[in-house]
Structure formats: C-alpha cells, structure tokens
2 protein chains.
Amino acid sequence: MATRTGATGKQRAARAEPSKKPDYAREAWALLTRLFKAEKGKHLAALELTMPQAQLLLNLDPDRPVPMNTLADTLGCDASNVTGLVDRLESRRLIERRADPADRRVKMIAVTGSGAEFRTKLLARWYEPPAGIAALPDRDKKILLQILRRAAEGATDQL
Amino acid sequence: MATRTGATGKQRAARAEPSKKPDYAREAWALLTRLFKAEKGKHLAALELTMPQAQLLLNLDPDRPVPMNTLADTLGCDASNVTGLVDRLESRRLIERRADPADRRVKMIAVTGSGAEFRTKLLARWYEPPAGIAALPDRDKKILLQILRRAAEGATDQL
DNA sequence: TATTGTTATACTCTATAACTATA
DNA sequence: TATAGTTATAGAGTATAACAATA
C-alpha cells in the first residue's frame with residue numbers, strides 16, 4: 001500500500017519516475033529477513049534438528065503431554081505428518097508416546113527427561129537475539145521492543 | 001515466557017536464583033520470530049512457491065543469467081539440488097537453461113519474460129513489512145530502521 | 001458413524017556418490 | 001585430471017486417501 005505517486009513532502013529531488021520515497025519499514029523488514037535465515041539455520045544445525053522438529057519440540061509442555069492430533073493442529077499440518085515427526089524425535093529419546101487412559105485411540109506425546117533438558121537448550125537458543133542486536137545499548141533494545149509491541153497491538157492478530 | 005519468580009516491583013529484589021532481568025532484545029526477537037513464520041508462509045502459499053524456489057528466484061538477476069554452479073554457491077546447497085529446483089521452475093516457464101558459448105559444460109539460468117514479471121511480484125511481497133509494522137507512524141518506522149542498521153553495523157557480518 | 005493414529009503413495013528438498021560431457 | 005551438470009539413491013517434510021482400532 002501507499003504508493004504516493006504525488007511526490008511532495010520531504011523528498012526534495014529524486015522525483016525521477018517511480019518517485020520512490022524511502023520505505024523505512026520495508027528496509028527494516030528486509031534486514032530482518034536476512035538475519036532470520038542465518039540465525040535459525042545456525043541453531044538448527046547446532047542441535048541437529050529440522051525446522052518442523054524444532055517447532056514440535058517448542059510447542060510441547062514438558063509438564064503436560066498432549067494428544068498427537070492437538071499437535072497437528074498446533075503445527076498446522078496433517079496428522080499423518082506428525083506420525084513421522086514423532087517417530088524421529090522419539091527415536092532420539094527426546095519425546096515418547098503414552099497411552100491415554102480416557103481414550104484408547106489417543107496417544108499422548110510427552111517430553112522425556114533428556115528431552116526436557118534438550119528442549120531447554122533449544123528454547124534458550126531459539127529466541128536469542130542476533131549478536132548485533134544483543135550488542136545494542138539497552139536504551140535501543142527497549143525502544144525496539146516498545147515499537148514492536150506497538151506493532152503487535154496495531155495488527156489484529158498479527159503477532 | 002518470563003516466569004519472573006521473584007515477584008517484586010520493577011526489579012530491585014527478585015534475586016531468587018536465576019534472577020531474571022527483563023531482556024528487551026530477546027522479547028523483541030521472539031516477537032519477530034513468530035511474525036516471520038506467518039508472513040513468509042503467506043507469501044509462499046500465495047505464489048505457490050516453496051522456500052528454496054523463492055530463494056532461487058530472488059537470487060536471480062533478470063538481466064544477467066548465471067551458471068548453475070554459481071547458483072548452488074549462492075543458495076548454499078549442492079549442485080545436484082539445483083538441478084531439481086531449476087527443473088521445477090523451468091517447467092513453470094519462469095526460468096530457462098541457456099548454453100554458455102564460452103564453455104559448453106555450463107548452463108546459464110535466465111529469467112524468462114513471464115518469470116521476470118512473476119519475480120517482480122515476489123520481490124514486492126517478500127520484503128513487505130507485516131501489517132502491524134506498516135501501520136506504525138513514520139517516526140517509529142524510521143527509528144526501527146535506524147536501530148536495526150546500528151545492529152547491522154555492530155555485527156561484523158551479521159546482516 | 002465419527003475420530004485417532006498409521007500406512008501407502010506421491011512430491012519436494014537435501015546430500016553423497018557415480019556418471020557424462022566437456023575443459 | 002578437473003569441472004559442470006545430471007542421475008541414482010536415500011532420508012526428511014508434506015498432503016491425500018485408505019485403513020484399523022476405538023468411541
């Protein structure tokens with residue numbers, strides 16, 4: 001949105017043809033886009049996880065097993081898909097299938113002891129800000145968060 | 001997140017054990033992490049592209065074909081992988097293989113006419129900031145970018 | 001009948017190794 | 001011999017459809 005072909009306010013010259021005005025938000029987002037790719041990739045490689053496996057693990061509560069179909073909903077994928085993801089994570093002893101006494105069709109996914117430990121490491125890394133951001137003065141970090149929170153409020157259910 | 005076991009005013013006490021102090025950068029990054037997943041997913045679905053296909057397309061210059069092996073380097077994947085990606089994109093007539101007169105082993109990947117058009121749409125979407133950020137007052141956007149640029153400078157080659 | 005999880009099947013992405021055709 | 005691209009193969013992610021067990 002906001003093409004604003006008029007060309008008026010700030011930008012003095014630079015009214016060649018498309019009359020591009022500086023798009024701060026777009027540039028910021030482009031910057032972040034590149035960062036994300038690199039950061040998440042590093043974490044996944046370090047922990048030998050794939051993105052879907054990490055998502056599954058992050059969406060588990062070590063204290064409360066969840067049915068596989070709930071997991072499929074949470075991850076936004078088909079149930080048949082969850083079977084495979086759980087298979088692989090279970091083979092690493094990070095999670096395990098448990099019976100549900102209330103409904104014998106259901107299998108509850110629980111985080112194992114070592115899985116909980118592993119998940120803690122994952123969680124610590126996953127939201128760790130990139131070096132450049134972590135190195136910002138506290139004041140900047142605070143402003144950054146304030147602005148993003150404002151953005152989150154503004155969008156109905158964006159964040 | 002943020003268990004804040006201490007339970008006090010601002011901070012002051014709260015020196016239970018982990019003594020968690022508010023981590024602005026971490027919270028900001030967590031916020032952004034969720035946003036990215038949703039945003040990029042939307043774009044890819046809308047254009048019927050997979051992430052690697054989008055990356056390939058974005059890394060092409062419509063005005064200058066590149067050898068496949070260069071593409072493999074750029075994408076950071078194996079050459080055998082590029083073969084398949086190019087196959088699928090070529091079957092959609094978005095790109096095409098061309099001979100290199102200088103070296104008959106090489107195949108140059110060029111963007112087709114409709115491919116260039118398609119890529120323009122992709123590019124427009126790809127770095128489009130989320131609604132919440134786009135809706136921020138211009139002043140906030142500007143500050144956001146300034147801070148991120150500072151972060152980019154700070155990190156040797158982070159961004 | 002409806003639901004939960006699995007299996008069968010079919011794509012895509014990914015890497016490694018082997019192969020072709022060039023250099 | 002070395003390099004560019006392909007093919008063969010294998011494992012992971014994904015969805016759809018069919019199926020078994022259980023509600």
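All of these numbers come straight from a predicted model, not from anything done at the bench. Order of the sequence lines sets the chain letters (A, B, ...), proteins ahead of strands, with each chain counted from 1.
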Q: On DNA chain D, compare the nucleotides closest to A/Gly84 and B/Asp103; which residue's is nearer the 5' end?
A: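 Closest to the 5' end, via its nearest nucleotide, is B/Asp103.
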
Q: With DNA chain C as reference, determine whether A/Thr70 or B/Met51 sits nearer its 5' end, using the nearest nucleotide of each.
A: A/Thr70

Q: For B/Arg92, does the CZ atom sit with more than 12 other heavy atoms under 6.0 Å from it, leaving out its own atoms?
A: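 Check passes, neighbour count above 12.
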
Q: Looking at the side chain of A/Val106, which of D/dT14, C/dT4, C/dT6 is the nearest nucleotide?
A: C/dT4

Q: Between D/dG13 atom P and A/Leu71 atom CG, what is the distance in whole Å?
A: 13 Å

Q: Using whole Å, report how far CZ of B/Arg97 lies from P of D/dT6.
A: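 For the pair B/Arg97 CZ and D/dT6 P, the rounded distance is 4 Å.
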
Q: Taking the side chain as C-beta and beyond, is there a heavy-atom pair between B/Trp126 and B/Leu47 under 4.5 Å?
A: no

Q: Check every atom of D/dA23, D/dG13, D/dT6 against the side chain of A/Pro52 and return the nucleotide holding the closest atom.
A: D/dG13

Q: Got B/Leu57 and B/Gln53 here, is their nearest side-chain heavy-atom distance under 4.5 Å?
A: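 No, their side chains stay 4.5 Å or more apart.
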
Q: Can you confirm if the aromatic rings of A/Phe36 and B/Trp29 lie within a centre distance of less than 6.0 Å?
A: yes

Q: Using whole Å, what does the distance between atom C1' of nucleotide C/dT14 and atom CG of B/Asn81 come to?
A: 5 Å

Q: Can you see if the side chain of A/Asn69 gets near the phosphate of C/dG5 - specifically, an N or O under 4.0 Å from OP1 or OP2?
A: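 Answer yes for this pair, as a side-chain N or O of A/Asn69 is under 4.0 Å from OP1 or OP2.
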
Q: Rounding to an integer number of Å, can you tell me how far B/Arg88 CZ sits from C/dC11 C1'?
A: 8 Å

Q: Without decimals, in angstroms, what is the distance between A/Leu44 CG and D/dG13 P?
A: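 That distance rounds to 11 Å.
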
Q: Using only side-chain N and O atoms of B/Arg104, determine if any of them is under 4.0 Å from OP1 or OP2 of C/dT20.
A: no

Q: Please say whether more than 12 non-hydrogen atoms of neighbouring residues, nucleotides or ligands are located less than 6.0 Å from CD in B/Gln146.
A: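 It does: B/Gln146 CD has more than 12 such atoms within range.
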
Q: May I have the distance from A/Asp78 (atom CG) to C/dA8 (atom P), rounded to whole angstrom?
A: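 The answer, rounded to whole Å, is 16 Å.
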
Q: For C/dT6, take OP1 and OP2 only and decide whether either is under 4.0 Å from a side-chain N or O of A/Arg105.
A: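 It does not, given that no N or O in the side chain of A/Arg105 lies less than 4.0 Å from OP1 or OP2 of C/dT6.
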
Q: Could you tell me the separation between the CE atom of A/Met68 and the C1' atom of C/dT3, rounded to a whole number of Å?
A: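 Interatomic distance, CE of A/Met68 to C1' of C/dT3: 14 Å.
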
Q: Does C/dC13 have OP1 or OP2 under 4.0 Å away from a side-chain N or O of B/Gln53?
A: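 Checking B/Gln53 against C/dC13: at least one side-chain N or O falls below 4.0 Å of OP1 or OP2.
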
Q: Within this structure, what is the CD-to-P distance between B/Glu48 and D/dT14, rounded to whole angstrom?
A: 18 Å

Q: Check whether any side-chain nitrogen or oxygen of B/Thr83 sits under 4.0 Å from OP1 or OP2 of D/dG5, and answer yes or no.
A: no

Q: Students often get this wrong, so: under 4.0 angstrom with heavy atoms, is B/Thr50 touching a base, only sugar-phosphate, or nothing?
A: sugar-phosphate

